[in-house]
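Comments concern the structure below.
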Protein chains: 2
Amino acid sequence: MANAFIRKLSGFAELSGDDVAALTKATAFPRRVAKKTDLIREGDRPGPVFVMIDGWAIRYKVLPNGSRQVTAFLMPGDCCDLHIGMLAEMDHSIATTVDARVCTIGRADMDTLLDNHPKVARAMYIAQLTDEGTLRAWITSMGRRSSVERVAHLMCELYLRARNIGLVTSREFDLPISQIILADALGMTPVHINRVLKELRLAGAMLLKRGSLTVHDPEKLAEIAGFDENYLHRKMREL
Amino acid sequence: MANAFIRKLSGFAELSGDDVAALTKATAFPRRVAKKTDLIREGDRPGPVFVMIDGWAIRYKVLPNGSRQVTAFLMPGDCCDLHIGMLAEMDHSIATTVDARVCTIGRADMDTLLDNHPKVARAMYIAQLTDEGTLRAWITSMGRRSSVERVAHLMCELYLRARNIGLVTSREFDLPISQIILADALGMTPVHINRVLKELRLAGAMLLKRGSLTVHDPEKLAEIAGFDENYLHRKMREL
DNA sequence: CGCTGGATTGACTCGGATCAAGTCGAGTGG
DNA sequence: CCACTCGACTTGATCCGAGTCAATCCAGCG
């Protein structure tokens, strides 16, 4: 069975057996990383591209006053920016939230991969545009949605992304994200996140318990969120 | 005198005379666009890449309930995503805020440019990573900064970006952005934006009047904002 | 078995939204 | 050249969603 990275890219372009073989080779030797470990820190000089094979991570920034803002969730299959190596230094940090397995792909290998496998390159570029669309959707949530809508919107997104790579079984999937992280992601306090989760639970929409999310009523959740999945770019462009 | 696009890219990589000539050729024939005109709309199928030569534009999304969120300001020299053409449809709209001049670069021309001018390609990729860093800084502002800090932070960013392409004269530059747009950008109401601008004015930090911004005291403004310019990636990577 | 980090709930406060009433200024047409 | 208009800006009064503070509970784990 292909790993999450390959499953994800397959959703963005039709990969040949050869493409899949090259990707399998590039991600053959993941390393283990303990939970709450920084994969890279703000100010570091970027190294190779890395890919989450297993487990979750967050991108985050820390402000002078010590507060933290999470700007993205990386689930299995997600990777950092393709051209990260061109930067002099990182403008944010990335840390695992659980024990994880991560692959690194060196600059040279990545170039070879992109040059020899146009379908793979295409899929990766679409993945990157999707990440950018996700950032814009995030800003939209922060600026113009109420706290309930905001939480519901994020949960909708994570649910769909997890489903797209086959992580959801009977409306449930692993979501190793504490309420504290959620608060730092949505610009709220842990206390208020807790109340909102209770509200969504009582509405019969979803249930987040330690380490996993169950979406009892996807339609209701999407309606509460005002969710439009267009920014996830699952629709293919006919060439 | 080189146009804003070339001035901006020169800040990200050392372009040769040949590189500049190719860019000049590619952006030789801008077209005029009236103010408040959509350059592209959410749901549209993307066309060629386009570049702002003169004038300002905003990226924005509109929610089901009619409210609007601005997710980026495009100033002269800025462009849309390089790989926009791979998407089946746009996930946001882009509109001018003033009369502007805009260039389009067709897919084939763009490919030629990127293949034959690695320095240009490098500069464009760094520009794109900077745009992404800007989105993350934006999220951080929305989530974890007070309204005064938020406004100050945005003004700092715009001031620096404008200065980097030579638009600032004696701490002043054209900023054709209404308080309403500002409100939609920062997730606030126009009323509150107005009060915050007054506060920053009385603090002697800056003055925003119809169409232009004067930063009387850049240090003070940066201090209020808790501004760190690292995400604008002006520092070059020694190869 | 106690320690620690996360989850939960209640009481109180406050930043920014909302509502409402102007004012100002750039066009536009008579 | 002046009156009219419309969009943007300004200011005050009031309200409410979410933050803050403070206990308490709970589960996993060394």
Side-chain angles (χ1 to χ4, degrees), chain A residues 34-37 56 58 63 65-70 95-99 141-154 174-202 206-214 224, chain B residues 34-36 56 58 63 65-70 95-99 141-154 174-202 206-213 224:
Chain A
K35 66 178 170 181
K36 297 197 182 189
T37 308
W56 288 60
I58 53 175
L63 278 80
N65 68 27
S67 62
R68 177 176 70 164
Q69 177 67 45
V70 172
T96 54
T97 66
V98 278
D99 293 340
S141 268
M142 307 275 292
R144 291 291 179 232
R145 273 188 253 265
S146 72
S147 56
V148 190
E149 294 167 348
R150 207 139 85 219
V151 173
H153 194 275
L154 177 59
D174 288 344
L175 183 60
I177 302 292
S178 70
Q179 295 183 8
I180 295 172
I181 292 176
L182 231 39
D184 283 340
L186 297 175
M188 301 162 58
T189 56
V191 173
H192 199 59
I193 284 282
N194 185 279
R195 294 193 229 268
V196 169
L197 288 175
K198 184 179 180 182
E199 192 178 333
L200 290 170
R201 188 170 68 234
L202 293 179
M206 48 158 270
L207 169 66
L208 177 65
K209 53 180 188 308
R210 281 187 174 263
S212 80
L213 177 72
T214 311
I224 293 173
Chain B
K35 66 178 171 181
K36 298 195 181 190
W56 288 61
I58 52 175
L63 279 79
N65 67 28
S67 61
R68 176 176 71 164
Q69 177 67 43
V70 172
T96 55
T97 65
V98 279
D99 293 341
S141 268
M142 307 275 294
R144 290 291 179 232
R145 273 189 252 264
S146 72
S147 56
V148 190
E149 295 166 346
R150 208 140 84 216
V151 173
H153 195 275
L154 178 59
D174 288 344
L175 183 59
I177 301 293
S178 70
Q179 294 183 9
I180 296 171
I181 292 176
L182 231 39
D184 283 339
L186 297 175
M188 302 161 58
T189 56
V191 172
H192 199 59
I193 283 281
N194 185 279
R195 293 193 229 268
V196 169
L197 288 174
K198 184 180 180 181
E199 193 177 334
L200 290 170
R201 188 169 68 236
L202 293 179
M206 48 158 272
L207 170 66
L208 178 64
K209 53 180 189 306
R210 280 188 173 262
S212 81
L213 177 71
I224 294 172

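In what follows, every chain begins at residue 1, and chains take the letters A, B, ... in the order their sequences are listed.
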Pairwise distance CG(A:L154) to CE(A:M142) - rounded to 0.5 angstrom: 10.5 Å
Between B:L63 and A:R145, is there a side-chain heavy-atom distance shorter than 4.5 Å? yes
Could you state the interatomic distance from CD1 (A:I181) to CH2 (A:W56), rounded to the nearest 0.5 Å? 11.0 Å
For a 4.5 angstrom cut-off between non-hydrogen side-chain atoms, does A:L213 reach A:L207? no
Please list, in numerical order, the residues of residues 179-191 of chain B that have a heavy atom closer than 4.0 Å to any atom of DNA chain D. B:Q179, B:I180, B:V191
Would you say A:Q69's side chain and A:A185's backbone share a donor-acceptor pair under 3.5 angstrom? yes
Any heavy-atom pair between the side chains of B:S212 and B:L175 that's under 4.5 Å? no
Salt bridge (Lys or Arg N to Asp or Glu O under 4.0 Å) contacts in which one or both residues fall within residues 174-191 of chain A, not counting sequence neighbours: A:R68-A:D184, A:D184-B:R144
For A:K209, which contact category applies under a 4.0 Å heavy-atom criterion: base, sugar-phosphate, or nothing? nothing
Under 3.5 Å donor-acceptor pairs involving side-chain atoms of residues 187-202 of chain B, not counting sequence neighbours:
| unit_1 | atom_1 | unit_2 | atom_2 | d |
| --- | --- | --- | --- | --- |
| B:T189 | OG1 | B:H192 | N | 3.3 |
| B:H192 | NE2 | B:S147 | OG | 3.2 |
| B:N194 | ND2 | B:Q179 | OE1 | 3.1 |

For B:A34, is there any backbone N or O sitting under 3.5 Å from a side-chain donor or acceptor partner on B:T96? yes
Distance in angstrom units between B:H192 NE2 and D:dC15 C1', rounded: 15 Å
Where along nucleotides 24-30 of chain D does protein come under 4.0 Å, by heavy atom, of base (B) or sugar-phosphate alone (S), with - for untouched nucleotides? -------
Nucleotide nearest B:N194 (side chain, heavy atoms from C-beta), chosen from D:dT11, D:dA18, D:dA8: D:dT11
Please state how far atom CZ in B:R195 lies from atom P in D:dT14, giving the value in whole angstrom units. 13 Å
With a strict under 4.0 Å distance from non-hydrogen atoms of chain A, what nucleotide opens and what nucleotide closes the contacted stretch of DNA chain C, reading 5' to 3'? C:dG5 to C:dA11
Would you confirm whether B:T97, through its side chain, and B:I177, through its main-chain N or O, come within 3.5 Å as a donor-acceptor pair? no
Report the residue (B:L197 or A:R150) whose heavy-atom-nearest nucleotide on DNA chain D is the more 5′ of the two. B:L197
Report for the helix from C:dC1-D:dG30 to C:dG30-D:dC1: angle between first-end and last-end helix axes, five pairs each, rounded to 10 degrees. 40°
State whether the side chain of A:S141 and the backbone N or O of A:R150 hold a donor-acceptor pair below 3.5 Å, judged by distance alone. no
A:T214 vs A:K209, test: side chain to side chain contact (heavy atoms under 4.5 Å, CB included). Steps then yes/no. CA-CA 8 Å; A:T214 311; A:K209 53 180 188 308; 4.0 Å; yes
